[in-house]
2 protein chains.
Amino acid sequence: MKNRRQNVIDTAHKLFIEKGYQATSIQDILDGSGISKGTFYNYFPSKGELFIAIFRSFYKRIRHDREKLLEGQDSADIEIFIKQLELQMMGNKQSKLLILIEEVRVSNDEELKQFINQILLLSIRWMHGRFLDIFGEGNKPYLLDCVIIFHSMMTHMNHFNHRANAVTKPEIEIIRYCMNRIIQTVDEVAKSKEQILDPELIHTWFPQFENNLYPCHNNLLKATAELKTAIHTTFPCGEHRTRAIELVDFIQDELMQSDTPRRFLIESLLLSLKNHYSEQVQTYMENFEESINACLVQ
Amino acid sequence: MKNRRQNVIDTAHKLFIEKGYQATSIQDILDGSGISKGTFYNYFPSKGELFIAIFRSFYKRIRHDREKLLEGQDSADIEIFIKQLELQMMGNKQSKLLILIEEVRVSNDEELKQFINQILLLSIRWMHGRFLDIFGEGNKPYLLDCVIIFHSMMTHMNHFNHRANAVTKPEIEIIRYCMNRIIQTVDEVAKSKEQILDPELIHTWFPQFENNLYPCHNNLLKATAELKTAIHTTFPCGEHRTRAIELVDFIQDELMQSDTPRRFLIESLLLSLKNHYSEQVQTYMENFEESINACLVQ
DNA sequence: TTACATTTATACAAGCAGTATAATGAAAAT
DNA sequence: ATTTTCATTATACTGCTTGTATAAATGTAA
């Protein structure tokens, strides 16, 4: 049953938050979720894979919401970026994912370590893309440095802020503080032309141009975003447009959130989508369909 | 034998660097250093305490050298601070202590975690003291924020710099880059009066006013520094003064670097020190002697 | 009812940190 | 020269870990 598996994931997540990843034994999870060892290893090949499953089920939603905030907005608007960061911070706060990642990042499990490493790099890469939106291509040579500074600054200020149990400031204040600092820093390094890390490094970190939780999802994300933008610009605001966006969103969610996407659902929805909207946004629709198929064969 | 113990420490350090702390089993250390399990647990009560022993034998020297750089210099001079940072970075680079700390920081061993945590806080506190020297009391309300930013910036820029295997910049360049950034930042937050963390927090992190690898060492460090400054200002430059400084240094080293300081040596040296120099710097000498005794009873 | 898949209980292997103990050896005190 | 003392060794043991293997029990769909 799907439900039992999800129940194990939830129980394990709770235990990990309480006691930490390493300190939680598989026996604890067995006792907590009331299954036998055989069932556990039927669901997950290892403890590490269980962690990855937990991570996926949370992080994908955060990322999805984050992209939703950008939809049809000016990508250079700093306020949108701040909202995205706040969303991410809140998500991490309740799921304690960042704390768990810190622990797992240095564990014994080599596969797990690589997964986490990938996640951190993806985060850097996303931020770098947003910095490019905000600060413009002209500042590109200095933006990788700035992203790393910003990322570490946010992480640590947040960490110490939570440790200062007496008076913790709200997350948004930390974000604005760090944002103010980095705006100045970008300006400054661009003027003095100081550079430590070449932004081209990002490409060497992701050699095959695309990497993701699942590789095929990157194409899907891109195709979805483009299609949605096209729909936004092509159709007037109204029920018609909203319906299209909802359909596209649902298909993306089903493919990315579920471990076993329901093929019949997706194919049926795609068909009706094509019937109603294909003429005006044909090329985007074709890309969309292609990337869907790539996800389905996987 | 003292030698055998040190040999175990060195072997373990090498193994930890090669394979990591958790991945190195006690059996590995036994095989590597050619001792039996009984002897190991005779030397160290646990694997965690062995790590602490490794850490102490390295970190104390780094800290000692770091303070030596400041001796008789202007503490507000940024160049001295940069030299101190470079020294620390180099020491960490060869001993890989920072990497090991990252691993141990989230291990299962609660005692070990607390020790590492203490070390990180000590590092923050030291830096905060130096920032006060450099940027002045006037900027104090903003310096804890800035120290945390600076610390995390240095750590991460350094980390990604080493990962960029193609072209890694020399450490000193990272330091200067971060220094340039933080100078601007201090200026900026002082102007806009933005504060996240109250510097008074440092006192709550160290409730009993003093904490250290060994608590008594803090007093000793303070007493030594004051005595040396007094000697510097009281006696003219020359062999006489140099000899006094050497004596004081030797006593401090013997007390802090060795696990079993040789009492007869220290007492004899202290006596000759008192005979030759006591009149001019009496109060400092008395403090010095007092803190020595505190270390010896421990 | 039959056939198949999932689940369970249980025993097991190989590894870990740390404890306990009797035997060995070598220097130090008598 | 003999006895005492103490560090060291080899070895077995406890209790924990992740993960494997297997036969019996249970549920589920044809």
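Please read all numbers here as calculations on a predicted model, not as lab measurements. Lettering follows sequence order; numbering is per chain, from 1.
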Check the distance between [N]'s [atom2] and [X]'s [atom1] and give it to me in whole angstrom.
| X | N | atom1 | atom2 | value |
| --- | --- | --- | --- | --- |
| B:Leu15 | C:dC16 | CG | P | 13 Å |
| A:Leu30 | C:dT8 | CG | P | 9 Å |
| A:Asn108 | C:dA17 | CG | C1' | 14 Å |
| B:Tyr43 | C:dG18 | OH | C1' | 18 Å |
| B:Phe51 | C:dA17 | CZ | P | 15 Å |
| B:Tyr21 | C:dC16 | OH | P | 14 Å |

Notebook entry, point to check: When every nucleotide of nucleotides 17-22 of chain D is labelled 5' to 3' by its protein contacts under 4.0 Å (heavy atoms), B for base, S for sugar-phosphate only, - for none, what sequence of letters results?
Noted result: SBBB--
Note to self: Strictly below 4.0 Å: does A:Arg4 bring a side-chain N or O up to OP1 or OP2 of C:dT6?
What the structure shows: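 Negative; the distance criterion is not met.
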Notebook entry, point to check: Would you say a side-chain N or O of B:Thr39 is under 4.0 Å from OP1 or OP2 of D:dA7?
Noted result: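 Checking D:dA7 against B:Thr39, no side-chain N or O comes under 4.0 Å of OP1 or OP2.
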Next item on the list: Check whether any side-chain N or O of A:His156 sits under 3.5 Å from a backbone N or O of A:Ser152 as a donor-acceptor pair, and report yes or no.
Entry: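 Yes: the side chain of A:His156 pairs with the backbone of A:Ser152.
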Margin query: For B:Ser25, is there any backbone N or O sitting under 3.5 Å from a side-chain donor or acceptor partner on B:Asp28?
Written below: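 It does hold such a pair.
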Item checked: Between A:Phe51 and A:Phe115, ring centroids under 6.0 Å ->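 No, the ring of A:Phe51 stays outside the 6.0 Å limit from the ring of A:Phe115, centre to centre.
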Note to self: Using ring centroids (six-membered ring only for Trp), state whether B:His128 and B:His151 fall under 6.0 Å.
What the structure shows: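 Aromatic pair excluded; centres sit 6.0 Å or further apart.
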Check: Once you round to the nearest 0.5 Å, how far does CE of B:Met153 lie from CG of B:Asn158?
Finding: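 With rounding to 0.5 Å, CE (B:Met153) is 12.5 Å from CG (B:Asn158).
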Notebook entry, point to check: Choosing from D:dT9, C:dT6, D:dA7, which nucleotide comes nearest the side chain of B:Ile35?
Noted result: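 My answer, after comparing the listed nucleotides, is D:dT9.
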Item checked: Test: A:Glu289 and A:Lys274 ion pair at under 4.0 Å ->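 Between A:Lys274 and A:Glu289 there is a salt bridge, with a charged N closer than 4.0 Å to a carboxylate O.
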